[in-house]
Amino acid sequence: MRGDNQIIRGRRSRTPLTNRLLAVLPPLESSELLARAEPVELMPGQVLSEPFEAITHVYFPLDALISLLAVTSDGSVVEIGMIGNEGLAGAAALLGKSSLPYRTMVHGPGRALRTDLLTLEALAAQHVRVQRLILRYLHALLAQLAQTAVCNRFHSTGQRLAYLLLASQDRLSSATFPWSRDFLAHLLGADRASVNLTVTQMKKAGLIRQARGQITILDREGLLQTSCECYGIIRAEFDQLFASTLMIPT
C-alpha cells in the first residue's frame with residue numbers, strides 16, 4: 001500500500017544534505033526550484049507511483065534511495081534502476097508521458113525534496129539550463145536501465161548483490177542498510193534460497209555483515225572484485241553527467 005509522505009518539520013540534519021542535481025544548478029534556477037519544493041521524509045517500502053499511474057510529483061532524494069521496479073502480471077518484481085542523491089524520481093514524465101510502466105518505491109528511508117510535476121515542467125520551459133540538465137540526467141538514467149537489464153539477465157546473484165551494495169553506498173555515503181534477506185530477494189528478483197546462499201558466502205568471505213534485518217559492507221574492495229562490470233559502467237555514466245554539467249551554456 002502507498003504510504004503518505006511525511007513533511008519534515010523542525011528536524012536538523014547531523015550532516016549537510018544535498019542533491020547533486022540541485023547542487024550543480026546555477027543560483028537563480030536553484031533558488032526558484034527550492035522555493036517551490038517541500039521537504040518530505042520517505043518511509044521504507046513506500047510506493048511513490050504504480051505502473052501506468054499518472055505521476056503528479058517528482059522527488060529529489062537527499063539521503064533516501066528509490067527503486068524503479070518492473071512488475072510482471074503475476075506480481076513478481078525486479079529492480080531495474082536506482083535513484084539516490086544523484087538524481088530525480090519522476091523525471092521521465094517530463095518527456096511528455098504522464099505515466100511510466102514501472103513502480104517507484106522507496107528502498108532506503110530518508111529525506112527528499114518534493115515538487116509537483118507541473119512546477120518542474122514550467123521551470124524547465126523557462127530555464128534552458130534546467131531543461132538541459134534534466135535531459136542529461138535522463139540519458140544517464142536510461143543507460144542505467146539498459147545496463148541493469150543486461151545485469152539481471154547474465155550475471156549471478158552474487159555479482160548483482162555486490163553491485164546493489166556498492167551503488168547504494170555511493171548514494172548514501174553509508175555502509176549499513178536496513179535490508180532483510182527477504183527484501184534483498186525482492187529487490188533482486190531472486191529466490192530466497194539463492195539470496196541466502198549468496199549472503200552466507202559473502203559473510204564467510206568477510207565482505208559483509210548481515211543480521212537482524214541489517215546488512216553492512218565490511219570490505220568494499222572485495223565487493224568491487226565480486227561485482228560485475230555493470231557497476232563501473234553505470235558509475236562512469238553518472239560521473240560523466242556531473243562533469244559535463246560544468247559546460248552547460250548559460
Side-chain angles (χ1 to χ4, degrees), residues 13-20 42 44-45 61-69 77-87 105-111 140-141 143-145 147-243:
S13 173
R14 291 185 298 273
T15 57
L17 296 176
T18 189
N19 176 280
R20 294 178 69 190
L42 304 178
L62 302 177
D63 61 351
L65 283 176
I66 297 171
S67 286
L68 304 179
L69 301 169
V77 300
V78 63
E79 185 178 68
I80 58 171
M82 178 192 303
I83 301 169
N85 66 359
E86 86 299 340
M105 188 189 80
V106 180
H107 83 248
R111 288 151 286 189
L141 181 62
Q144 180 190 169
L145 298 181
Q147 194 63 40
T148 302
V150 172
C151 194
N152 288 341
R153 172 62 179 85
F154 292 109
H155 297 146
S156 69
T157 302
Q159 290 173 314
R160 292 165 56 211
L161 177 56
Y163 161 71
L164 174 65
L165 294 173
L166 291 167
S168 298
Q169 186 179 36
D170 289 346
R171 289 159 173 81
L172 290 179
S173 299
S174 172
T176 299
F177 315 103
W179 302 335
S180 66
R181 296 189 186 197
D182 284 336
F183 193 67
L184 289 174
H186 178 79
L187 285 180
L188 296 171
D191 60 86
R192 173 64 188 266
S194 175
V195 170
N196 278 341
L197 178 61
T198 298
V199 170
T200 299
Q201 290 173 337
M202 285 187 171
K203 288 173 68 175
K204 288 182 177 179
L207 301 179
I208 62 171
R209 179 173 61 248
Q210 196 279 326
R212 298 180 180 177
Q214 284 197 330
I215 187 166
T216 300
I217 295 173
L218 300 178
D219 182 359
R220 181 178 172 88
E221 288 302 315
L223 286 178
L224 285 168
Q225 295 176 20
T226 301
S227 180
C228 51
E229 68 272 17
C230 299
Y231 169 72
I233 291 172
I234 295 171
R235 174 159 180 167
E237 282 289 336
F238 284 97
D239 287 345
Q240 184 178 14
L241 162 67
F242 290 106

Problem set entry | Partner of Arg192 under side chain to side chain contact (heavy atoms under 4.5 Å, CB included), chosen from Leu184, Asp182, Leu197 | Asp182
Exercise. Can you check whether Arg212's main-chain N or O pairs, donor with acceptor, with Gln214's side chain at less than 3.5 Å?
Worked result: no
Seminar exercise, completed: Rounding to 0.5 Å, atoms CD (Gln147) and CD1 (Ile233) come to a distance of 4.0 Å
Exercise. Is Pro109 close to Pro178 at the side-chain level, that is, under 4.5 Å between some pair of heavy atoms?
Worked result: yes
Exercise. Considering all heavy atoms of both residues, which atom of Thr198 and which atom of Gly158 are nearest to each other, and what is their separation?
Worked result: CG2-CA, 3.5 Å
Exercise. Once you round to the nearest 0.5 Å, how far does OG1 of Thr176 lie from CD1 of Ile208?
Worked result: 11.0 Å
Problem set entry | Side-chain donor/acceptor of Asn19 to backbone N/O of Gly87, under 3.5 Å | yes
Problem set entry | Aromatic plane relationship, Trp179 with Phe177 - under 30° parallel, 30 to 60° tilted, over 60° perpendicular | parallel
Problem set entry | Ile217 side, atom CD1; Gln210 side, atom CD - distance, nearest 0.5 Å | 13.0 Å
For this session: Measure across Arg160 and Gly189 and return the closest heavy-atom pair with its distance rounded to 0.1 Å.
Result: NH2-N, 4.3 Å
Exercise. How long is the gap from CZ on Arg20 to CZ on Arg171, to the nearest 0.5 Å?
Worked result: 9.0 Å
For this session: Would you give the length of the straight line joining atom CG of Leu69 to atom CD1 of Ile66, rounded to the nearest 0.5 angstrom?
Result: 11.0 Å
Exercise. So which heavy atom on Glu79 is nearest to which on Asn152, and how close?
Worked result: O-ND2, 3.3 Å
For this session: Provide the closest heavy-atom pair for Gly81 versus Leu145 in the form atom of the first, atom of the second, distance.
Result: CA-CD2, 3.9 Å
For this session: Taking the side chain as every heavy atom from C-beta outward, state whether Phe238 and Leu241 have any pair of such atoms under 4.5 Å apart.
Result: yes
For this session: Check the pair Asp170 / Tyr231 against side chain to side chain contact (heavy atoms under 4.5 Å, CB included), numbers first and verdict last.
Result: CA-CA 11 Å; Asp170 289 346; Tyr231 169 72; 2.6 Å; yes
For this session: Grab the two heavy atoms, one from Ala190 and one from Val195, that are nearest each other, plus how far apart they are.
Result: CB-CG2, 4.0 Å
For this session: Would you please test His107 and His186 for side chain to side chain contact (heavy atoms under 4.5 Å, CB included) and show each step?
Result: CA-CA 10 Å; His107 83 248; His186 178 79; over 6 Å; no
Exercise. Got a second to check how far Thr148's OG1 is from His155's NE2, nearest 0.5 Å?
Worked result: 11.0 Å
Exercise. Given the rule in the side chain to side chain contact (heavy atoms under 4.5 Å, CB included) test, do Leu68 and Gln144 qualify, once you have shown the distances and angles that lead to the verdict?
Worked result: CA-CA 11 Å; Leu68 304 179; Gln144 180 190 169; over 6 Å; no
Exercise. Which heavy atom of Ile83 sits nearest a heavy atom of Pro61, and at what distance?
Worked result: CG2-CG, 4.0 Å
Exercise. Are side-chain heavy atoms of Thr200 and Arg181 found at a separation under 4.5 Å?
Worked result: yes
Exercise. Taking it one step at a time, do Met202 and Thr226 satisfy side chain to side chain contact (heavy atoms under 4.5 Å, CB included)?
Worked result: CA-CA 9 Å; Met202 285 187 171; Thr226 301; 4.2 Å; yes
